[in-house]
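Keep in mind the model is a prediction, meaning the values are calculated, not measured.
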There are 2 protein chains.
Amino acid sequence: MQKSIAQFYTQETPILIAVDCVIFGYQEGQLNILLIKRNFEPGLGQWSLMGGFLQGNETLDWAAKRILHQLTGLDNVYLEQLHAYSEVARDKAARVVSVAYYALIDIATSNEQLTKTQEAAWFSINNIPKLIFDHREMCDKAWKRLQRKSLSQPIGFELLPTKFTIPQLQQLYEAIHNENLDKRNFRKNILLSGLITKLEEKNKEGSKKGAFLYVFNTEKYAALTESGTSIQFK
Amino acid sequence: MQKSIAQFYTQETPILIAVDCVIFGYQEGQLNILLIKRNFEPGLGQWSLMGGFLQGNETLDWAAKRILHQLTGLDNVYLEQLHAYSEVARDKAARVVSVAYYALIDIATSNEQLTKTQEAAWFSINNIPKLIFDHREMCDKAWKRLQRKSLSQPIGFELLPTKFTIPQLQQLYEAIHNENLDKRNFRKNILLSGLITKLEEKNKEGSKKGAFLYVFNTEKYAALTESGTSIQFK
DNA sequence: TTTATTAAGTGTAAAAAATACATTTAATAA
DNA sequence: TTATTAAATGTATTTTTTACACTTAATAAA
């Protein structure tokens, strides 16, 4: 049973704790983040990350899930804690420490729910509007983290539909890392790893010829992780 | 001017914020962490990380610095935020979210102040006693972070005296990564990078022959960072 | 039905990086 | 003078990374 805050830690300053989410989505070769136009003070009318306050009965991870679900209607989304921001005057309305998270979602599965409750819009990571507080800093840090993590863990796939083509996967990595990759080397490496499995279907959106669809191979990844083999995506 | 918490965010739950420090030190081929025996409730008499509460007028970074100074007497120490821990019942005395930091210090420069205020002791990273709350989790995460960061940034040097020998540096990396390194390859790589500068002095503690002392080359590192060259320690 | 168009798909050679490995040297102590 | 000990040194092999150009499948246009 949890005792009252005053039990042992008297005289300590209670400070509000917020959670803000950098939500990444990928579409048409662009890495995007989802922003909302604030309909409340402070910062009414300005662009910001989706956020909320940590409740007494939830962990930070749960709060991030709740906040993400509120905006996108999605569950079972990749979410990772990023960093705690604590400048004393970061939020002029109160002393608020914000713990930033980043999420990776497949834009296609989320667009229905979006903008029902709040005015929300996707922005290219290369063209982020002015954001309130330290939210820009959060976005920059989240992008760097995504760049680093996507090299050694299969988190990029969270941004794609279950079935994807190799050119799509390559374009995604090019968007994440903001660089061009050689298509022969990219294909060679990813196939050699055994981490994606070819289907008999083709996707013909991108060309007349069409490109074969693949799925991520969860078992193979588990086996490699288990055996301690270090993995190199890209 | 900061307004009262009630200004806009009414009805939000105030939660205490703590800062806990995983303090690394290196001595005699061992990577160690500094622990205190708690002289207060809850957990009186148990081993724990050094910690404290975030005050209303300080950032998390400042709080971590303050806490570290309290125990070691040191300033200008390498400190980095690690992760926020928020299990609802992690601290039975109250709802406390703890933001963990890790610090790297040169043991030699800190030993005077130590244990004056609190009972504190160094433990090998391979032999950590039972810790309160989730402090063991914090230590494990901090070690992993140190392993990763020490490969691409010169943070290992924070654990050594200003002047060090190449065998000492190698031993340090071996302790951090818990693996043996080839001394010819290690020496070759670190010298080739230009990141350490040879002195005319020798350190004769380790052998009759003595090993030449080196210092970290801050300018060279700045130049490489500036030019965007990716750096590989070890 | 032929031809043009377009992105998908394919292999090899060269360069760079990482690894494995054994002997000599400098200083002190016996 | 000799023995001892850790420091210092270079090369060959393997592995990984990079650079690079033509063919193929399908559709649309002539």
Side-chain angles (χ1 to χ4, degrees), chain A residues 27-30 147 150-152 160-161 163-175 177-215 224 227-234, chain B residues 28-29 147 150-152 160-161 163-175 177-215 224 227-234:
Chain A
Q27 208 164 39
E28 291 159 21
Q30 285 285 316
Q147 290 182 328
S150 65
L151 294 178
S152 60
L160 291 176
K163 299 175 181 181
F164 52 84
T165 68
I166 292 183
Q168 277 172 353
L169 186 62
Q170 179 179 342
Q171 272 205 339
L172 169 65
Y173 272 85
E174 289 177 333
H177 294 98
N178 214 12
E179 64 175 345
N180 295 322
L181 302 173
D182 180 279
K183 67 175 175 169
R184 277 174 293 192
N185 293 337
F186 184 84
R187 178 180 292 266
K188 193 195 320 168
N189 293 336
I190 194 76
L191 287 176
L192 194 67
S193 74
L195 287 163
I196 63 175
T197 305
K198 190 179 184 175
L199 304 176
E200 284 313 303
E201 289 172 79
K202 273 189 170 182
N203 175 335
K204 294 199 177 150
E205 284 168 32
S207 71
K208 292 158 190 168
K209 181 179 178 180
F212 279 103
L213 287 162
Y214 289 77
V215 289
L224 287 175
S227 72
T229 313
S230 76
I231 294 158
Q232 162 90 316
F233 296 87
K234 206 185 91 173
Chain B
E28 290 159 21
Q147 289 182 328
S150 65
L151 294 178
S152 60
L160 291 176
K163 299 175 182 181
F164 51 85
T165 68
I166 291 182
Q168 278 172 352
L169 185 62
Q170 178 178 342
Q171 272 204 339
L172 168 64
Y173 272 84
E174 289 178 333
H177 294 98
N178 214 12
E179 65 176 345
N180 295 324
L181 302 173
D182 180 280
K183 67 176 175 169
R184 275 173 294 191
N185 294 337
F186 184 84
R187 178 182 294 267
K188 193 197 318 171
N189 293 337
I190 194 75
L191 286 176
L192 194 67
S193 73
L195 287 163
I196 62 174
T197 304
K198 190 176 182 176
L199 305 177
E200 284 313 303
E201 288 172 80
K202 274 188 170 182
N203 173 335
K204 294 199 178 153
E205 282 166 35
S207 72
K208 290 157 191 166
K209 182 178 177 180
F212 279 103
L213 287 162
Y214 289 77
V215 290
L224 288 174
S227 73
T229 312
S230 76
I231 295 159
Q232 162 90 317
F233 294 87
K234 203 185 92 172

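The heavy-atom pair separating A:D182 from A:Q170 by the smallest distance is C-NE2, 4.0 Å. A:L199 approaches A:F212 most closely through the heavy-atom pair O-CD2, 3.6 Å.
The shortest distance between side-chain heavy atoms of A:K202 and A:K209 falls below 4.5 Å.
Between A:K202 and B:N189, the residue anchored nearer the 5' end of DNA chain C, judged by the nucleotide with its closest heavy atom, is A:K202. Comparing A:G210 and B:L191 against DNA chain D, the residue whose closest nucleotide sits nearer the 5' end is B:L191.
Ranking C:dT19, C:dT28, C:dA8 by closeness to the B:K188 side chain, first place goes to C:dT19. If you check D:dT9, C:dG9, C:dT5 against the side chain of B:R187, the one that comes closest is D:dT9. Taking only side-chain atoms of A:R184, from C-beta outward, the nucleotide of C:dT10, D:dA28, C:dA26 with the closest atom is C:dT10.
Side-chain N/O atoms of A:K208 and base N/O atoms of D:dA28 include no donor-acceptor pair closer than 3.5 Å. Between the side chain of A:K209 and the base of D:dT24, at least one donor-acceptor pair of N or O atoms lies under 3.5 Å. If you check distances only, the side chain of A:K183 does reach the base of C:dG9 with a donor-acceptor pair under 3.5 Å. Judged by distance alone, with hydrogens and angles left aside, B:N185 brings no side-chain donor or acceptor close enough to the base of C:dA18 to form a pair under 3.5 Å.
If you measure from atom CG of B:L169 to atom P of D:dA7, you get 13 Å, rounded to the nearest angstrom.
C:dA30 is paired with D:dT1 under the criterion used here, namely a Watson-Crick or G-U wobble arrangement in which both key atom distances are under 3.5 Å.
The pair B:K234-B:E179 meets the salt-bridge criterion, since a charged nitrogen lies less than 4.0 angstrom from a carboxylate oxygen.
A sub-4.0 Å separation between OP1 or OP2 of C:dA18 and a side-chain N or O of B:Q232 is present.
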